[in-house]
Amino acid sequence: MRVGVYVDGFNLYYGARGLCGRGTQGWRWLDLRALAIDLAGRRASWPGAAVSRVVYCTARIDGVSNPSGQADQDVYLKALLAAGSVDHIEYGTYVARVKTAPLAVKDERGRPRLVGPAWPVMVQDGRGGAVPDAVFMVSYANREEKGSDVNVAAHLLIDVMAGSVDAALVISNDSDLRFPIEQARLHVPVGVVNPSRNYLAGDLRGDSAAGAGRHWWARLSAADLRNHQLPDPAGQYRRPTDW
């Protein structure tokens, strides 16, 4: 059984950071192939599973706003290729811009609740009258990756439809992947791995027997990440000191 592996890089990174802790070491130098081999090998319903292709979808960090992060990421990407941990890296774009939005806090269910005037900060009109329904607007630096989910979907469907893989393993908890994963399940068994401590996105759930059948779902643990690290050095590339 030839298994294709499709990794949403930023979704994995932020999920892993939540599992292991932002300031902790020992999880960032992740060997994606070794992790995928272990995950696929645990499935009794996938006998003879062999990882044949690993596609890593990411974007290069903006070096202007985060030069050290860009440098560390560059070393990691080169190490992945040097170690044979991935077969292909597909790049999206990393966008940094200033956005505006209403000031808000979280309600008891974690949803945004707009902040209005209240002492000690009130809003008055030109005649000194109170404006109780005023909305505070803020500008903020917004940095986000674009395209990884689309690239995961494209590589997944191209490989499935071309018959290049007999099963697929998707590492992401992005609900935007609902439709391509549903379509892939019609043709091959699909494993979906949630890389975060959050619940699996509802749109990524399904029936294990639907379509081709033998589908499964799993969640990464901090131990999964720490136990599957690249060699150091990987080729000529060494792990950053704080990783």
Counting C-beta onward and ignoring hydrogens, is there a side-chain heavy-atom pair between Thr58 and Glu90 closer than 4.5 Å?
no
How close do Ala130 and Pro132 get, heavy atom to heavy atom, and via which atoms?
O-CD, 3.3 Å
Charged N-O contact under 4.0 Å between Arg2 and Asp166
yes
For atom CZ of Phe179, decide whether the heavy atoms of other residues, nucleotides or ligands shown that lie under 6.0 angstrom number more than 12.
no
Worked check of side chain to side chain contact (heavy atoms under 4.5 Å, CB included) between Arg238 and Trp243
CA-CA 10 Å; Arg238 301 203 66 94; Trp243 279 29; over 6 Å; no
Quick check: closest heavy atoms across Ala82 and Ala234, and the distance to 0.1 Å?
CB-O, 3.9 Å
Going by heavy atoms in the side chains, are Gln183 and Val160 under 4.5 Å from each other?
no
Heavy-atom closest pair, residues Ala34 and His228
O-CD2, 3.5 Å
Do Val188 and Val190 pass the side chain to side chain contact (heavy atoms under 4.5 Å, CB included) test, and can you show the C-alpha distance, the side-chain angles, and the key distance before you say yes or no?
CA-CA 6 Å; Val188 299; Val190 178; 4.2 Å; yes
Quick one: do Arg33 and Asp87 make a salt bridge, cutoff under 4.0 Å?
yes
Could you tell me how the ring of His155 sits relative to the ring of His88: parallel (under 30°), tilted (30 to 60°) or perpendicular (over 60°)?
tilted
Is there a path of hydrophobic side-chain contacts, each under 4.5 Å between heavy atoms, that joins Tyr140 and Val115?
no
Any non-hydrogen side-chain atom of Leu177 less than 4.5 Å from a side-chain atom of Leu204?
yes
Interatomic spacing from CG in Asp31 to CG in Leu80 - rounded to 0.5 Å
8.0 Å
Is any side-chain heavy atom of Arg205 closer than 4.5 Å to a side-chain heavy atom of Leu200?
yes
Taking atom types as modelled, is there a side-chain donor on Tyr76 or Arg28 under 3.5 Å from an acceptor on the other?
no
Under a 3.5 Å threshold, yes or no: a donor from one side chain and an acceptor from the other, between Asp159 and Tyr6?
yes
Separation between CG of Asp62 and CD of Gln70, rounded to the nearest 0.5 Å
7.5 Å
Apply side chain to side chain contact (heavy atoms under 4.5 Å, CB included) to the pair Val192 and Trp216, showing each step before the final yes or no.
CA-CA 6 Å; Val192 176; Trp216 53 271; over 6 Å; no
Look only at the side chain of Asn173 and the backbone of Tyr199, and say whether a donor-acceptor pair between them is shorter than 3.5 Å.
yes
Looking at side-chain heavy atoms only, is the closest gap between Leu12 and Leu30 below 4.5 Å?
yes
Per side chain to side chain contact (heavy atoms under 4.5 Å, CB included), Tyr56 is matched among Asp8, Ile171, Leu77 by Leu77
Hey, could you give me the CG/CG distance between Leu220 and Leu35, rounded to the nearest 0.5 Å?
5.5 Å
Gln124 versus Val131, closest heavy-atom pair with distance:
C-CG2, 3.9 Å
Could you tell me if Asp174 and Ser172 have a donor-acceptor pair between their side chains, going purely by distance under 3.5 Å?
no
Treating Ser85 as the side-chain partner and Leu32 as the backbone partner, does any N or O pair qualify as donor plus acceptor under 3.5 Å?
yes
Assess whether side chain to side chain contact (heavy atoms under 4.5 Å, CB included) is satisfied between Ile181 and Leu156, documenting all intermediate values.
CA-CA 8 Å; Ile181 288 177; Leu156 168 66; 4.1 Å; yes
Under a 4.5 Å side-chain heavy-atom rule over Ile, Leu, Val, Met, Phe, Trp and Tyr, are Tyr91 and Tyr14 clustered together?
yes
Given 3.5 Å as the limit, does a donor-acceptor pair link the side chain of Arg197 with the main chain of Gly18, or not?
yes
Quick check against the 3.5 Å criterion: does Gln229 have a side-chain atom that pairs as donor or acceptor with the backbone of Trp27?
yes
Are Val7 and Val55 connected in the hydrophobic side-chain network, where two residues link if heavy atoms are under 4.5 Å apart?
no
Is there a side-chain contact between Asn227 and Leu225 (heavy atoms, below 4.5 Å)?
no
Give the minimum heavy-atom separation between Leu169 and Ala36, together with the two atoms involved.
CD1-O, 4.1 Å
Could you tell me if Asp224 and Ser221 have a donor-acceptor pair between their side chains, going purely by distance under 3.5 Å?
yes
Keeping the roles fixed (side chain from Gln73, backbone from Ile61), state whether a donor-acceptor pair exists under 3.5 Å.
yes
Where the side chain of Trp46 meets the backbone of Arg214, is there a donor-acceptor pair that is under 3.5 Å apart?
yes
To the nearest 0.5 angstrom, please state how far the CD1 atom of Ile89 sits from the NZ atom of Lys78.
11.0 Å
Same cluster (ILVMFWY, side-chain, under 4.5 Å), Val3 and Leu39
yes
If you take the centroid of each ring, where Trp contributes its six-membered ring, are Tyr237 and Trp29 closer together than 6.0 Å?
no
All heavy atoms of Ser148 vs all of Cys57, minimum pair found to be OG-O, 3.4 Å
Please check this pair: side chain of His187 against backbone of Met161, looking for a donor-acceptor N/O pair closer than 3.5 Å.
no
Val5-Ile158 co-clustered via ILVMFWY side chain contacts under 4.5 Å:
no
Heavy-atom side-chain proximity of Trp217 to Arg219 below 4.5 angstrom
no
Is the closest side-chain heavy-atom distance between Val170 and Val193 below 4.5 Å?
no
At what distance, to the nearest 0.5 angstrom, does CG of Asp72 lie from CZ of Arg239?
12.0 Å
Value for OG (Ser196) from CG (Leu19), rounded to nearest 0.5 Å, stands at 7.0 Å
